[in-house]
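One structure below.
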Amino acid sequence: MSTIGEALVAQLAARDVEVVFGIPGVHTIELYRGIAASGIRHVTPRHEQGAGFMADGYARVSGKPGIALVITGPGLTNTLTPMAQARADSVPMLVLSGVNALPDLGKGLGLLHELPDQQAVARGVAVTSDRVEKPADLAPMLDRAFAAFATERPGPAHIEIPLDVAKVAHSVPDTPPTVPSLPEADREKIAEVVDLLRSAEKPLILAGGGSRGAATELQHLAERLDAPVVLTTNARGMLHRHPLAVPASPSLDAVRHLIEDADIVLALGTEIGQTDYAFNATRTVPEIGSLIRVDICPCQLMRPEARLALHADAGTTIKALVEALPDGDRRLNGAERAANVRERAFAEIGSEMRSLSRLLETLRDTAPEAIMVGDSTQLIYAGNLYYDHDRPGGWFNAATGYGALGYAIPAAIGAALAAPDETVLCLTGDGGAQFTLPELMVAVEEKLPVVFIVWNNRGYEEIATWMHAADVEVIGCDPAPPDFSAIAASCGMPFHRCGTEPERVAGALRKAMNESGPAMIEIDATDFRTS
């Protein structure tokens, strides 16, 4: 007969969990009892924050929930930042934690790793937080979490198992996990959407991260409507180089004018939130005259007010719309509208950001269809403003939503574990890299093909720029970077250094991709100038 801890591992395996990110401790030993025999791969980060970010990157690339297994108290609190990032970006993540023995909870006994109310802490960030108190609790709580990942707006779920409960015999019969279906729009609403779209003279599509699994169908939809497609950060890579694609931030004036000028706007799986649509905090999202909203989260459908709202999965809705629309040529100048806004948006971002965007294109063309994972750093800021990636779901970063610094290194490791045969480029700054440098050893241990690219301008250049603009004396923006060549050498990792010239960056990347396992490139951006 197994224990609850062993049953947990077995039920994770039954739900197709292949990788768990965790650091064992005395409060989770019983949860580890069944891992060795389960076939689940255990990856050990160097910090629980790394476990959460690795789970995030793994989930975004694999399409499966990322699993973090952490100890009571500090293990959970160290994971809260990745949980918040996952919630902001709709990433499925399951955080499994220990907690002190059931009779001791909430008594302030001075126990190791004790929190006054650990579940209350988790509930401040997680979509759900449950506690297993008896064997019959386990399967329903896992079912609840996995059902939400599959049929609702994804986010972090938390389940805690007390020390004493993890040892309890689990005699509940195993039942196959339930497989819920995605919410779909009914035929009448699809027909209503089709009628509205066919009547439009200036249709526009806003594509968010919720639509990225239907790239081919989105292209067919855009072509049948002859509608430009504005791609948010998490939708980049869809419609690569397509004449209807607008791979530019909706916060740019050129794109805002396109949105406000449209007579029908079809928003697919996009939050229409501030960090995508109004990055300058003093602004609001663009005015949308006639909005059709499709979202898996019913709460999202209420803001902003839509003419027609469909509570449905964006991907299945796109497919249904393509099937319902006539397969004929429409000539509404969609490509001309898209080309015009692309030109104006690229001019609007300024010479420095244009240079950085071109440098991203150099990376893309040197490593076609690579997965690019980014931190909050100048290269990423530029790409989020304007950059056309060549792989759906292959461009993501923490410079939107919650905006957690230190994300890129561990998230890139998670991405590489999800796609071990693909090239993963980690784009981080010298400041952000210092948040999570210890996680580099995980990439070395796991022999992962990640190229860690450090944009080294010796400080928080973007923050310094904003402080200058606000007429505030710049303080705290010049943390001294380490010797990255020594860091790489200490990890046994090949190292290359180059300047910001595109040909030098391309050469360094080609060398790094020829290495076995991970490698590091330091781009010396000290004297970076606009062009």
Side-chain angles (χ1 to χ4, degrees), residues 47 49-50 52-54 56-57 60 80-91 209 232-234 236 249 251-252 271 273-281 349-350 352-353 355-357 359-360 363 371-387 389 394-415 424-437 439-440 450 452-470 474-479 481-482 484 500 521-523 525 528:
H47 190 280
Q49 185 180 81
F53 285 145
M54 288 178 196
D56 178 302
R60 295 197 201 213
L80 291 176
T81 295
M83 291 168 70
Q85 185 71 50
R87 182 158 188 168
D89 284 352
S90 304
V91 177
T232 67
T233 295
N234 286 324
R236 297 291 175 82
S249 169
S251 66
L252 295 171
E271 185 183 17
Q274 186 260 345
T275 55
D276 265 321
Y277 289 81
F279 189 73
N280 185 329
I349 65 175
E352 181 176 348
M353 289 294 153
S355 295
L356 292 168
S357 181
L359 193 55
L360 287 171
L363 294 173
I371 299 166
M372 292 192 189
V373 184
D375 226 321
S376 290
T377 189
Q378 285 181 306
L379 273 171
I380 295 300
Y381 297 141
N384 285 352
L385 284 174
Y386 193 106
Y387 169 63
H389 197 52
W395 170 269
F396 58 88
N397 55 75
T400 62
Y402 196 60
L405 202 56
Y407 170 87
I409 290 175
I413 290 169
V424 177
L425 305 184
C426 169
L427 308 180
T428 183
D430 58 294
Q434 292 183 71
F435 278 50
T436 47
L437 278 175
E439 305 302 350
L440 292 172
V450 182
F452 297 97
I453 301 173
V454 181
W455 179 263
N456 188 356
N457 55 20
R458 289 164 175 75
Y460 300 139
E461 183 66 27
E462 191 72 12
I463 304 304
T465 300
W466 281 66
M467 293 178 82
H468 275 302
V474 178
I475 296 175
C477 292
D478 56 353
F484 285 102
T500 59
I521 297 172
E522 179 186 6
I523 300 177
F528 175 69

task: Would you kindly say whether W395 and N234 are connected by a side-chain donor-acceptor distance under 3.5 Å?
output: no
field: Where A433 and F484 come nearest, the two heavy atoms and their spacing
entry: CB-CE2, 4.4 Å
statement: Closest non-hydrogen contact found for G406 with T436 is O-OG1, 3.0 Å
message: Tell me every residue that passes salt bridge (charged side-chain N to carboxylate O under 4.0 Å, His left out) with E439, counting only those two or more places apart in sequence or in another chain.
response: none
message: What I want to check is whether the side chains of N397 and D375 have a donor and an acceptor closer together than 3.5 Å.
response: no
- prompt: Which distance, rounded to the nearest 0.5 Å, do you find between the CD of Q85 and the OG1 of T400?
  reply: 6.5 Å
query: Does any non-hydrogen side-chain atom of T465 lie less than 4.5 Å from one of H468?
result: no
Any donor-acceptor N or O pair under 3.5 Å, side chains Q434, D430: no
message: Quick check: closest heavy atoms across A399 and S376, and the distance to 0.1 Å?
response: CA-OG, 3.6 Å
message: List the residues meeting side chain to side chain contact (heavy atoms under 4.5 Å, CB included) with A525, not counting sequence neighbours, and say none if there are none.
response: W455, N457, T500, F528
Test item: T428 and T377 side chains (from C-beta on) under 4.5 Å apart, heavy atoms: no
field: Single hit among L379, L363, I380 for side-chain contact (heavy atoms from CB on, under 4.5 Å) with M372
entry: L363
message: Please give me the minimum heavy-atom distance between M353 and L385, naming the atom from each residue.
response: CG-CD1, 4.1 Å
- request: Locate the shortest heavy-atom distance separating S357 from A382; write the atom from each residue and the value.
  value: N-CB, 4.2 Å
Heavy-atom closest contact (V450 atom, C426 atom, distance): CG1-CB, 4.2 Å
- line: Sorted by chain and number, sequence neighbours left out, salt bridge (charged side-chain N to carboxylate O under 4.0 Å, His left out) with D56 holds for R60
